[in-house]
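Before any comments, here is the structure.
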Amino acid sequence: MKWMLFVLIPVFFANQTPVEKYLEPRQAAKLEKFISDFLKCENHQEKKIIIDFSKISHVDEDPAQEFLRISCENKVYYVLFNQAPSMKNIFDYACIIDEEGMVRKVKVLIYRESHGRQIGSLRWLNQFVDHRISEYKSEDVNVDGISEATISVNSMRDAVFTDMKLLSEHYAELFRL
Amino acid sequence: MKMQKKQSTLMATLLMLVFSITAQTSIERNRDAIKSMLGCFEVSFKYTETFAPEVDYEQAYDYTSEVLEWAVAVEDDTKKISIQHLLVISDTMVIKHWRQEWTFEDKRIFEYDKDNKWMFKTLDKAQVADTWAQEVFQVDDSPRYSGYATWFHADGRHIWYSEAYSPLPRREYTKRSDYNIMLRKNRIKITNEGWIHEQDNDKIIRDDQGTDRLLVQEKGFNTYVKVANSRCKAAQEWWSKHKEEWAEVRMVWDDYYENVDSLELELKVDDKRLYEHLFFHPEPLTATFVESTIEKYIK
């Protein structure tokens with residue numbers, strides 16, 4: 001009977017999409033919407049890529065993390081889902097990077113504090129966009145002008161900077177850098 | 001003793017007379033406010049999304065538009081005024097727009113549920129005392145939303161406020177699928193220049209169990225500035241030619257409104273919305289055609 005478990009468990013996980021397997025339903029739904037809204041592609045293909053997340057862990061306890069390869073109409077994008085600390089909690093964010101290594105979209109998906117929701121402001125988040133991951137500098141993102149979210153915006157800037165640095169240093173072969 | 005009784009009777013009669021005059025004056029003031037919305041208007045529409053509970057919600061683009069509109073009374077009784085709005089696109093093009101019907105102490109109203117379904121309910125006399133119900137109808141005279149409230153007249157201001165669930169606004173119903181009903185908080189204010197329909201709207205996702213979840217809030221202003229009636233001449237002429245046809249349409253709908261507990265409508269029949277059948281029918285609308293066409297949309 002025990003042998004059946006060895007067979008059934010991998011089959012069970014193999015049949016689930018990567019997003020559903022590792023993220024809570026709400027996180028998975030938010031991430032899926034983030035991808036769909038950007039791509040506007042009817043049937044995009046998702047494939048999970050294994051990367052060493054220990055190098056880009058911004059929170060201590062078992063963060064939710066995903067790195068996906070998305071293909072749509074002959075174009076390929078990479079989607080990073082990660083978590084970073086806010087003042088008393090953690091927040092979830094995601095980045096879309098194209099094959100050229102250009103950051104195309106960054107979004108805060110779930111924010112768990114009662115203050116500092118301005119971190120979700122598109123105007124602020126657009127500062128992360130249109131930078132190549134290998135040329136990313138944390139000074140590219142100005143955190144002034146966002147009030148009552150100082151810890152979170154600094155945390156996000158530092159987290160995204162670290163994410164991009166890791167990807168450009170250790171996974172450059174994925175991108176045409 | 002007899003004298004005292006006579007005095008009491010006289011006092012009671014006087015009081016009733018004063019009350020009656022006051023009530024009548026109040027109705028007249030309300031009617032004046034409502035009839036301020038008749039005439040030719042330059043209308044501007046401005047909407048912007050404001051607050052969303054979810055941090056990842058991306059505000060839709062602001063909406064602005066300007067039109068010329070003719071508002072004509074199709075019914076004007078002491079306790080009921082029905083106003084048809086017509087868009088003046090050009091000297092030769094007029095489009096029948098929305099209609100609003102005002103009824104004093106109306107006990108029967110409809111409320112939007114979701115998925116093109118409206119529920120009708122009867123209110124108590126006490127609930128509607130001294131109120132006016134505003135029922136708003138779509139371009140094809142099918143229901144849209146309704147609310148009831150008291151008109152306030154003070155300090156030269158004339159204001160009416162009510163809340164009502166409605167389908168998506170026409171500016172969004174072909175563009176948005178991320179919410180399915182709107183909770184409209186309508187504030188109508190009569191101004192020196194015309195009137196303003198100020199809105200604080202909640203865009204809501206209602207599930208099959210009837211639970212509502214707020215997607216985003218919205219602020220809107222429909223500002224009506226009165227201009228010379230002559231600018232709406234095309235609409236006056238168009239309505240003069242077509243008003244009897246649309247009276248038939250209203251009659252057919254009234255029959256449903258007066259007799260059903262709920263009304264659920266098809267979105268399309270023969271791949272067309274109802275207004276397309278009625279607007280683009282090559283012949284003048286007849287009662288038979290209108291009845292049979294509307295019937296196809298009733299689920």
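Each chain gets a letter, A, B and so on, in the order its sequence line appears, and its residues count up from 1. Computation of the quantities below employed the complete heavy-atom set of this structure, encompassing side-chain atoms and omitting hydrogens, waters and symmetry-equivalent molecules.
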Measuring heavy-atom distances to chain B, does A:L109 have an atom under 4.5 Å in its side chain, in its backbone, in both, or in neither?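 Its backbone and side chain both get close to chain B.
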Less than 4.5 Å to any heavy atom of chain B: does that hold for the side chain of A:I110, its backbone, both, or neither?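 Backbone only.
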Under 4.0 Å between a side-chain nitrogen and a carboxylate oxygen: does that hold for B:E54 and A:R26?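 Yes, B:E54 and A:R26 are salt-bridged.
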Is it the case that over 12 heavy atoms from other parts of the model lie below 6.0 angstrom from the [atom1] atom of [X]?
X: A:D62; atom1: CG; result: no
X: B:E163; atom1: CD; result: yes
X: A:K88; atom1: NZ; result: no
X: A:R112; atom1: CZ; result: yes
X: B:H197; atom1: NE2; result: yes

How long is the gap from NZ on A:K30 to OH on B:Y57, to the nearest 0.5 Å?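 OH of B:Y57 is found 12.0 Å from NZ of A:K30.
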Work out which heavy atom in A:L122 is nearest to a heavy atom in B:E58; give both atom names and the distance.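 Here A:L122 and B:E58 meet closest at CD1-OE1, 3.6 Å.
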